[in-house]
K.L.:
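One structure, as structure tokens, below. Some questions next.
Both ligands and their constituent atoms are indexed starting at 1 by order of listing.
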Amino acid sequence: MKLPEHILPPTDGDHYSGFWGIDPLPRGASGELLEPCSPIDGKPTCPIRAAAPSQVAEAVHAAEHAFRQWRMVPPPRRGEFVREIGDLVRENKKELAKLITLEAGKIPAEAEGEIQEWVDVCEFAVGLSRQLHGLTIATERPEHCLIENWHPLGPVGVISAFNFPAAVWAWNAMIGLVCGDPIIWKPSEQTPLTALACNQIVALAAARFGGEAPAGLSTLVIGKADVGSALAADPRVPLVSATGSVPMGRAVAQVVASRLGRSLLELGGNNGMIVTPSADLDIAVRAITFAAVGTCGQRCTSLRRLFVHKDISGQLIERLKTIYSSLPIGDPRESSTLVGPLVNERAFDTMQASLAAAHDQGGTLICGGDRVTEGVPAGGVYVEPALVRLPVQTPVMHEETFAPLTYIVEYENFDDAIEMHNAVPQGLSSAIFTNDVRQAHQFIGPAGSDCGLVGVNIGTSGAEIGGAFGGEKDTGGGRESGSDSWRQYMRRATCTINYGSELPLAQGIKFGDDLG
Ligand code: UN1
């Protein structure tokens with residue numbers, strides 16, 4: 001594919017540098033040479049010189065410097081900068097999406113959807129830039145005033161995964177920027193071109209903005225886990241937002257906690273859906289299919305566990321089998337494709353291991369699971385999405401397998417279905433299909449789904465940016481993107497002002513009133 005050079009930084013000879021900021025700082029990676037391959041055909045995309053872990057300190061230094069300037073820019077003006085970014089993203093939506101297709105293997109509809117999330121979060125952030133607010137609180141003392149001020153926090157580290165190579169960073173970065181924070185981004189080493197283009201869009205917006213956006217406001221440190229570890233460990237980074245596997249998040253959280261920093265985690269999901277007897281199966285089957293096989297099952301929000309009432313499971317499974325038998329699997333660049341490749345061989349091996357474990361645990365394969373080699377680009381890893389029926393929820397269902405593999409378990413009693421639904425370590429996304437208002441409310445109520453995202457008559461994936469995104473338990477507890485997630489990117493100062501000429505103490509304490 002011909003790379004969109006107008007949204008990429010200049011190359012460093014025959015490769016790109018994985019250490020890049022807003023002109024003129026910082027640049028020139030000094031780590032090892034990475035040679036990522038496209039999931040489409042396993043061919044190398046473009047060599048990247050990784051940032052050395054020691055360069056993280058340089059990026060943080062530049063970010064600290066940028067912070068001093070950026071925190072003083074009024075928030076609505078910071079919003080104008082994000083609006084510039086949003087305009088550039090709109091103009092370059094298709095080119096950006098093509099990079100996602102190349103590096104993550106997404107079909108164009110989903111890749112463009114991901115870029116649309118970036119546009120959406122820009123708009124959200126621009127509006128937010130005029131709404132950052134604190135409370136004024138009633139005080140117990142006369143002629144006093146108690147107010148909460150929200151201030152920029154400082155450099156924010158963002159660690160993101162291959163499957164949403166632009167949107168997850170954008171949720172953090174666009175909100176962080178209007179909150180007054182510089183961003184240091186460690187993307188997945190699978191998707192460096194997308195990251196370079198995203199950061200270049202910020203750099204182009206900075207050029208349009210005329211010097212008010214300082215160098216060091218947005219820096220990219222592409223590299224392996226050691227680069228992420230250096231970012232997590234740096235005490236000058238008050239917030240580290242990490243998206244990826246549970247083990248990665250656990251490691252990051254421990255390092256950040258040991259220096260008493262804040263972490264914002266969006267880790268594994270193991271998302272479930274309950275389908276009740278009153279469900280509208282016409283929309284349920286479409287929702288299940290998109291959630292289970294969209295992005296080839298490689299979303300944090302993908303549907304992994306399906307609990308179906310025994311009276312309708314036969315017909316639901318038959319309908320799914322029909323849909324699964326005609327799913328267009330193949331080259332994501334073909335307009336008819338719905339299921340693109342897995343990211344790599346390892347993902348395929350993991351899926352096969354889970355299928356074998358499910359079989360050993362009493363599972364029956366309903367359909368799928370085989371490698372597809374005909375009519376797909378050689379060198380890519382293509383697989384038939386799989387459905388497996390299990391008599392009960394077994395240990396394999398407690399693990400997230402990042403592939404198009406969905407387990408189906410029948411239930412009889414609704415309370416048992418909720419119990420099973422919640423009985424896994426993760427808690428990201430959940431859904432119920434029902435036309436029974438009582439069951440719907442029970443599911444979204446306090447004793448219902450224990451997840452951060454709860455849907456009624458929609459699938460588990462495809463959340464809008466306006467809500468807070470994230471989940472409980474092993475998912476890490478973080479909330480990114482919309483709603484009041486912005487508060488995490490700011491620090492709160494409780495300010496008490498005495499505008500009188502007395503000095504009354506709180507709690508009615510009398511202390512040396514006749515002193516002085
Ligand atoms: C992820 O997989 O990490 O809700 C993010 C969704 C998307 C975001 C997924 N809006 O499926």
K.L.:
Under 4.0 Å, heavy atoms only, figure out whether ligand 1 is touched by the backbone of Asn163, its side chain, both or neither.
P.N.:
side chain
K.L.:
So does Asp436 get a backbone contact from the side chain of Ser278, meaning a donor-acceptor N/O pair under 3.5 Å?
P.N.:
yes
K.L.:
Counting only nitrogen or oxygen atoms and a 3.5 angstrom limit, does Trp171 reach ligand 1?
P.N.:
no
K.L.:
Purely on distance, is any nitrogen or oxygen of Glu117 under 3.5 Å from one on ligand 1?
P.N.:
yes
K.L.:
Is the Phe443 to His421 ring centre distance short of 6.0 Å?
P.N.:
yes
K.L.:
Using a strict cut-off of less than 4.0 Å between a Lys/Arg side-chain nitrogen and an Asp/Glu carboxylate oxygen, indicate whether Asp282 and Arg319 qualify as a salt bridge.
P.N.:
yes
K.L.:
Please determine whether a side-chain nitrogen of the Lys or Arg among Glu345 and Arg371 lies less than 4.0 Å from a carboxylate oxygen of the Asp or Glu.
P.N.:
yes
K.L.:
Step through it carefully: locate the ring centre of Trp150, locate the ring centre of Trp486, and say whether they are under 6.0 Å apart.
P.N.:
yes
K.L.:
What's the shortest distance from atom 4 (O) of ligand 1 to any protein heavy atom, and which residue and atom give it?
P.N.:
Ala463 N, 2.7 Å
K.L.:
What's the shortest distance from atom 11 (O) of ligand 1 to any protein heavy atom, and which residue and atom give it?
P.N.:
Thr301 OG1, 2.7 Å
K.L.:
Hey, which atoms in ligand 1 end up nearer than 4.0 Å to a heavy atom of Ser461?
P.N.:
11 (O)
K.L.:
With heavy atoms under 4.0 Å as the rule, classify the contact between Glu266 and ligand 1 as side chain, backbone, both or neither.
P.N.:
side chain
K.L.:
Given 3.5 Å as the limit, does a donor-acceptor pair link the side chain of Thr401 with the main chain of Ala403, or not?
P.N.:
no
K.L.:
Check whether NZ of the Lys or CZ of the Arg Arg389 lies under 6.0 Å from the centre of the six-membered ring of Tyr407 and within 45 degrees of that ring's axis.
P.N.:
no
K.L.:
Any idea which protein heavy atom is nearest atom 6 (C) of ligand 1, and the distance to it?
P.N.:
Gly462 N, 3.2 Å
K.L.:
Report the nearest protein non-hydrogen atom to atom 3 (O) of ligand 1: residue, atom name, distance rounded to 0.1 Å.
P.N.:
Cys300 SG, 2.9 Å
K.L.:
Considering heavy atoms of the protein only, find what lies nearest to atom 5 (C) of ligand 1 and give residue, atom and distance to 0.1 Å.
P.N.:
Phe164 CD1, 3.7 Å
